[in-house]
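Here is the structure we will look at.
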Amino acid sequence: MNENNKQVILEAVNLTKKYDDGVLALDNLNFAIYENEIFAMLGGNGAGKTTTINIFLNLLEPTSGDAKVCGVSSHIEPLVVKKNLAYVSENVMLYPNFTALQNLDFFSQLGGQDSLTKDHYQEVLIRVGLAEQVHNNKLKGFSKGMRQKCGIAIAILKDTKAILFDEPTSGLDPKAGYEFIQLLNDLKGEGKAVLMSTHDIFRAKEAADTIAIMNDGKFLMKEKASTLFDKDLESLYMQYMAGHAPQPASEGV
Amino acid sequence: MLHTLIQKELKSITVSNKFLVTFMICSLLLIMSVLIGINEYKQAMTQYETVHQMADERIQQVSSWHSVSYREHRKPSPLMIFTSGLSYDIGRWSDINRESTVKLKNSIYSDDPIFAVFRIIDFTFIVQIIFSLLAILFTFNAVNGEKESGTLRLIFSNAVPRTKYILAKCIGTWLGLLIPILIPILLSVLIVMLFQIEFSSQEWIRLVLLIFISVLYTSIFIVFGVFMSTMSRSSNVSFLLSLVFWICFVLILPRGGVMASGNIVSVPRIAEVEGMKVSFAKNKWENYYKDMDKRLSGSEHNDDSEEDGISDDMMWANLKAEDSLRKEVTREIEGYEESLLEDWKNKQKAQQNLGFMLARFSPAATYQLAAMSLSNTDISLKSSYEQVMKDYREEFNSYIDKKSENAGPGAGSIMITMDSDKGMDLKMGRDEAIDVSDRPQFVHPKTQLSKILPDVIVNISILLFMIFGLLTGAYFSFMRFDLR
Ligand SMILES: Nc1ncnc2c1ncn2[C@@H]1O[C@H](COP(=O)(O)OP(=O)(O)OP(=O)(O)O)[C@@H](O)[C@H]1O
Ligand SMILES: [Mg+2]
């Protein structure tokens, strides 16, 4: 598939997930994320954002449809898919008894990067905004935002084509939030495809190339950020969530 | 990948507090138990040597062949330092003489009942109870704990096969626990060497095997804990599960198995057997006396018609015949007693075998049985000692018989002569001590390692089988574990 000769990295094809208790978390979801693209999923609690990410990570099996990474289905060949995926959870949890560097070392090796040195780790940690004096501290003393930064560092170190962020800016202070957007742009510059779920309309508009508004497992809207440039995303979001879609409604899905 | 995961597991264990606490507990308990064991062994050894010497001295002062009696003592095995087993329960000596049958008497516990109340804490007990418990405490949240702390998701966002993860969990925690238990074990062996406790080369091999099965036994609980941690999403639940199973398998099943076998195979009480023997003997003697009465009245009837001169010879012949008849009856009674005892022993053996077989479903029982047979302090200790002592008694008695025969009538005995002229005369034998230096020497029974090896191999196989069973369980359980 092509959009200006770009390769599709992340793709959802008729992705549907019905939980055992009957909740329809994803309802025939379709999207494609290309290299050099940041895709933001906006949506309220329980919209299905984490479910989508879990299916890409093969932590969940889809009820039907497919989540593909570089054309490979995540539930058919999860190990191949996971080699091309980095992931930062909404609440990054690492080993409390390990230092930041030790955590980075372990997860980088798991991610297949076994030739990295301490210098690499420190460089990335500084890049995500973690001061050098805490690099050798144990994680149990870290705040949520500091852990989040470590998680982002781990994702960067894995150096994959696609990165999944589940509410990455939750827990980051304003400065770190701002720096995170810079970082996203850097990553995009490196050709990566980013799927990001967020509640933060402001940051979504700032960073994303494509914005989707999600509710009840469906995209209510999916637009290029450039076309939304002059619109007030917040009121748009509210309108969609309230159930009255403005103007050319059936753009999504 | 596997290497990375194992390394992480090891690292996270060795920097944790529970590692340090485990190490301290294990070191403290093992060192203490070995010091106590060494002390007990040395005491037992000293006591063995003094009483043995006393028995030797006593036998040298005996002046009559007919009153020679010896007391043979059970020699303590140095491995009782590690596995006291039944060494405190089984009697320590038996009289060797014509009158009493061989029976080991006066166990340490019967002399010092206070120790029997709480038993001795030895190496085997520590492994059996404390190590298994520590292993469970180490591993009950191995997998679901990582899920609860949120690291599991991040691990599995990488291309990590579940098989490798669960294998690394088992190997990593195993290595992580091996350090804090193996170092204290080696330390306690070192202490034994420092105290210069004499171990034969066979006993060294036994000790190495004992340590090996101890590690195997502990491994069971490590894998078991990992298994339980995959059974439930919550570590609270898996903790409870582990504890319940631990109680069942370590505390209840071994006793339950023996109790069940007691109900399945009924063995008469020894008093019952005794009663049967007594009534049989009574019956036999009654019959004998009845018959004798008949015989006597018959011969008296004959007496009337015979001359006195012939009747003297007749009387001798009759006496001899009676004597051999009496011996016949005694033999019959002894034969009956033997067959009764044989039957009783067989039944007891069957009960014991069934009990042990049932108990073997518990790793704790399997471990204990193996440890005791390796340490020579198992249930066969009593029977093997008594058997050797019985053989020795035969040998000893025939030696005495031969000696007293050679010494001639009256030697070392009391002789009573009746004479119509001089009246009764009491004559004592020689007064000086008899020479018993050439008496047969007692050889302590030594169960050869090769003899118990099949049994040990069976036990090791059972333990290995349990480990692989639990590993398989952990594997399949983790395959369907929800990683989210
Ligand atoms: N394990 C589960 N079993 C049953 N239903 C579930 C399960 N996990 C999620 N759901 C349901 O699926 C729907 C989508 O949940 P999901 O976690 O994907 O939402 P989300 O968009 O990530 O929300 P949030 O912004 O709060 O993180 C919700 O209605 C939720 O109740
Ligand atoms: Mg979510």
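Order of the sequence lines fixes the chain letters, A, B, ..., with proteins taken first and strands second; residue numbering starts at 1 for each chain.
If you measure heavy-atom distances from B/L5 to chain A, the contacts under 4.5 Å come from both the backbone and the side chain. Looking at A/F98, only its side chain comes within 4.5 Å of chain B, counting heavy atoms on both sides.
Remark: A/N14 engages A/N30 in a side chain to side chain donor-acceptor pair (under 3.5 Å) (not counting sequence neighbours).
Of all the listed residues (A/V88, A/N97, A/L110), the one sharing the greatest number of non-hydrogen pairs under 4.5 Å with chain B is A/L110. Of the listed residues A/N84, A/N58, A/L59, A/I154, the one with more heavy-atom pairs under 4.5 angstrom with chain B than any other is A/L59. When each of A/Q102, A/Q109, A/M93 is checked for heavy-atom pairs under 4.5 Å with chain B, A/M93 comes out on top. Chain A forms more heavy-atom pairs under 4.5 Å with one residue of B/H3, B/E146, B/M1 than with any other, namely B/E146.
Counting non-hydrogen atoms of other residues, nucleotides and ligands closer than 6.0 Å to CG of A/D21 gives a total above 12. Heavy-atom contacts from other residues, nucleotides or ligands closer than 6.0 Å to CZ of B/F361 number 12 or fewer. With a 6.0 Å radius and a threshold of 12 heavy atoms from other residues, nucleotides or ligands, B/M32 has its CE atom above the threshold. No more than 12 heavy atoms of other residues, nucleotides or ligands lie within 6.0 Å of CZ in B/F465, so this atom counts as exposed by the packing criterion.
Near-neighbour residues of residues 155-170 of chain A relative to chain B, defined by a heavy atom under 4.5 Å from a heavy atom of that chain, comprise A/K158. Among residues 473-484 of chain B, the residues having any heavy atom closer than 4.5 Å to a heavy atom of chain A are, in sequence order, B/D482, B/L483, B/R484. Residues of residues 111-136 of chain A that come within less than 4.5 angstrom of chain B, heavy atom to heavy atom, are A/G111 in numerical order.
At a cut-off of 3.5 Å, with distance as the only test, no side-chain donor of A/Y95 or B/K11 sits close to an acceptor on the other residue.
One distance of note links CG of A/L85 with OG of B/S157; it measures 8.0 Å at 0.5 Å rounding. To the nearest 0.5 Å, atoms NZ (B/K8) and CG (A/D105) are separated by 13.0 Å.
The closest side-chain heavy-atom distance from A/S89 to B/L154 is not below 4.5 Å. The side-chain heavy atoms of A/Y87 and B/N158, taken from C-beta on, include no pair separated by under 4.5 Å.
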